[in-house]
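Residue indices begin at 1 and follow the sequence shown.
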Amino acid sequence: MVIFFLFVLQGLLDAMMKAMRLSVGSCSVESQNLIIRKAYSVLSSHTNFQLKEVERLPLTPGKYDISLRDEGLISLFASVVIAVFPKTYIPNKRVLMHLFIITLLRGGVVPVAQALGSILNKLVSTSNSAENSSDLTLEEALDAIFNTKISFSSTDMLQRCNGTSNGNEMVFTDICLGIANDRMLQINAICGLSWMGKGLLLRGHEKIKDITMIFMECLISGTKSASPLIKDSLENTEEQIQDLLVIKCATDAFHVLMSDSEVCLNRKFHATIRPLYKQRFFSSVMPILQQIITKSHSSLSR
């Protein structure tokens with residue numbers, strides 16, 4: 001009964017997010033400014049934590065108690081962010097990106113990953129920041145996402161961190177590469193990175209090369225760890241099964257990058273799309289991938 005109730009709630013939330021995207025996407029910039037200001041006010045006053053707390057560094061996902069109700073509100077707000085024009089003013093982008101990252105890592109909430117990708121896709125770069133009243137440039141946003149330390153205290157649900165400078169802090173890309181030794185955390189991070197990468201790919205940003213290499217590293221390292229399972233070993237461990245999930249998630253990331261999306265990062269929701277972006281991606285990445293395949297000593301990895 002509980003599972004059925006949750007299933008109905010999720011279906012209702014999905015319908016509400018779709019309606020929100022379509023209605024906001026059809027509005028003018030002036031109307032979107034009013035909508036997002038009101039939505040931000042609701043988000044600030046109806047969640048179990050203060051948004052100002054999220055601005056503190058380092059980020060500590062385990063510190064925040066994000067209920068299903070909070071997840072729903074954040075997902076609805078993310079739907080608004082997905083649908084707006086690049087010129088629409090989004091308040092406190094840095095705080096919102098940190099909130100989205102916390103929600104993503106804790107629950108793997110896809111709409112917030114899509115919102116992060118939309119923000120990166122629509123932000124102005126340093127070279128033309130004077131043309132926009134935005135409080136954050138693309139370069140600053142990339143720095144906030146990829147260079148911010150994410151902290152996991154010993155009392156958090158995420159305790160198994162190693163390989164970092166102090167044992168419990170790392171950056172977002174470290175989590176994607178599995179340094180935290182928590183496969184579900186890694187999967188959530190890869191999911192987020194795939195949508196952020198798509199936002200950058202559409203606008204032709206060079207960062208997509210680094211992101212692609214992270215996905216390739218996840219595929220190669222995951223294949224090595226899960227090889228006994230792939231070879232039908234009789235002693236399959238839970239860790240090997242989780243490694244297979246990481247491989248699937250990294251594979252799905254390439255699908256996200258190259259496929260057209262109906263829910264975000266399209267012309268209907270005012271994404272910045274560079275002509276022939278898929279062809280440019282292939283021409284720049286294929287030589288790198290071919291080199292990796294050639295150097296691979298494992299036929300399974302190849």
Side-chain angles (χ1 to χ4, degrees), residues 21 54 59 61 74-75 77-84 86 90 93-125 134 136-150 170-178 180 185-219 246 249-261 263-266 269-274 277-278 280-281 284-285:
R21 290 192 302 268
V54 183
L59 292 179
I74 294 170
S75 295
F77 183 84
S79 298
V80 176
V81 172
I82 287 169
V84 298
I90 301 175
K93 290 189 184 73
R94 188 184 298 270
V95 174
L96 287 174
M97 287 192 303
H98 287 176
L99 173 65
F100 289 159
I101 289 173
I102 289 169
T103 309
L104 171 70
L105 293 179
R106 285 186 63 92
V109 182
V110 175
V112 302
Q114 295 168 340
L116 283 167
S118 296
I119 290 175
L120 293 182
N121 176 262
K122 297 172 184 178
L123 281 176
V124 295
S125 63
S134 172
L136 195 70
T137 65
L138 174 61
E139 287 72 20
E140 291 169 338
L142 290 173
D143 182 70
I145 292 174
F146 294 107
N147 294 329
T148 295
K149 292 287 186 179
I150 301 174
M170 62 195 71
V171 295
F172 190 83
T173 51
D174 290 336
I175 300 174
C176 292
L177 292 171
L185 180 65
Q186 184 182 9
I187 288 170
N188 292 343
I190 292 173
C191 172
L193 189 63
S194 66
W195 288 104
M196 287 187 274
K198 186 175 183 65
L200 294 171
L201 171 62
L202 289 176
R203 66 182 295 162
H205 197 277
E206 288 295 313
K207 183 71 174 177
I208 187 59
K209 293 182 182 179
D210 298 332
I211 291 174
T212 302
M213 294 306 299
I214 291 173
F215 295 148
M216 286 301 302
E217 179 62 31
C218 292
L219 284 172
V246 171
C249 188
T251 304
D252 290 343
F254 285 98
H255 177 71
V256 169
L257 290 179
M258 301 308 298
S259 63
D260 298 326
S261 173
V263 297
C264 70
L265 291 170
N266 54 46
F269 298 130
H270 319 296
T272 301
I273 303 177
R274 187 178 181 184
Y277 73 91
K278 292 183 181 180
R280 295 175 189 275
F281 177 70
S284 61
V285 172

query: Considering only heavy atoms from C-beta outward, does the side chain of Leu123 approach that of Thr137 to under 4.5 Å?
result: no
Sequence neighbours excluded, the answer for side chain to side chain contact (heavy atoms under 4.5 Å, CB included) partners of Val109 is Glu71, Ser75, Thr103, Pro111, Val112
Sorted by chain and residue number, the side chain to side chain contact (heavy atoms under 4.5 Å, CB included) partners of Ala189 (sequence neighbours excluded) come out as Leu105, Phe172, Ile175, Cys176
task = May I have the step-by-step check of side chain to side chain contact (heavy atoms under 4.5 Å, CB included) for Leu202 and Thr272, ending in yes or no?
result = CA-CA 7 Å; Leu202 289 176; Thr272 301; over 6 Å; no
Ala115 and Ala78 have their tightest heavy-atom pair at CB-CB, 3.7 Å
By side chain to side chain contact (heavy atoms under 4.5 Å, CB included), Met258 pairs with (sequence neighbours left out) Leu201, Lys278, Phe281, Phe282
Lys209 meets the side-chain hydrogen bond (donor to acceptor under 3.5 Å, both in side chains) criterion, sequence neighbours left out, with Glu206
Contacts of Asp252 meeting side-chain hydrogen bond (donor to acceptor under 3.5 Å, both in side chains) (sequence neighbours excluded), chain-then-number -> Lys248
Contacts of His205 meeting ring-ring contact (aromatic ring centres under 6.0 Å, His included) (sequence neighbours excluded), chain-then-number -> none
Hits for ring-ring contact (aromatic ring centres under 6.0 Å, His included) against Phe215, two or more places apart or cross-chain, chain-then-number order -> Phe254
Carefully, step by step, assess Phe269 and Val263 under the rule side chain to side chain contact (heavy atoms under 4.5 Å, CB included).
CA-CA 8 Å; Phe269 298 130; Val263 297; 5.6 Å; no
For Ile82 and Lys122 the tightest heavy-atom approach is O-NZ, 2.9 Å
Residues pairing under side chain to side chain donor-acceptor pair (under 3.5 Å) where one sits in residues 194-203, two or more places apart or in two chains, turn out to be none
#### Entry: Criterion side chain to side chain contact (heavy atoms under 4.5 Å, CB included) on Asp174 and Val171, from CA distance to verdict
CA-CA 5 Å; Asp174 290 336; Val171 295; 3.3 Å; yes
The side-chain hydrogen bond (donor to acceptor under 3.5 Å, both in side chains) partners of Asp143 (sequence neighbours excluded) come to Asn147
Stepwise side chain to side chain contact (heavy atoms under 4.5 Å, CB included) test for Met196 and Lys207
CA-CA 10 Å; Met196 287 187 274; Lys207 183 71 174 177; over 6 Å; no
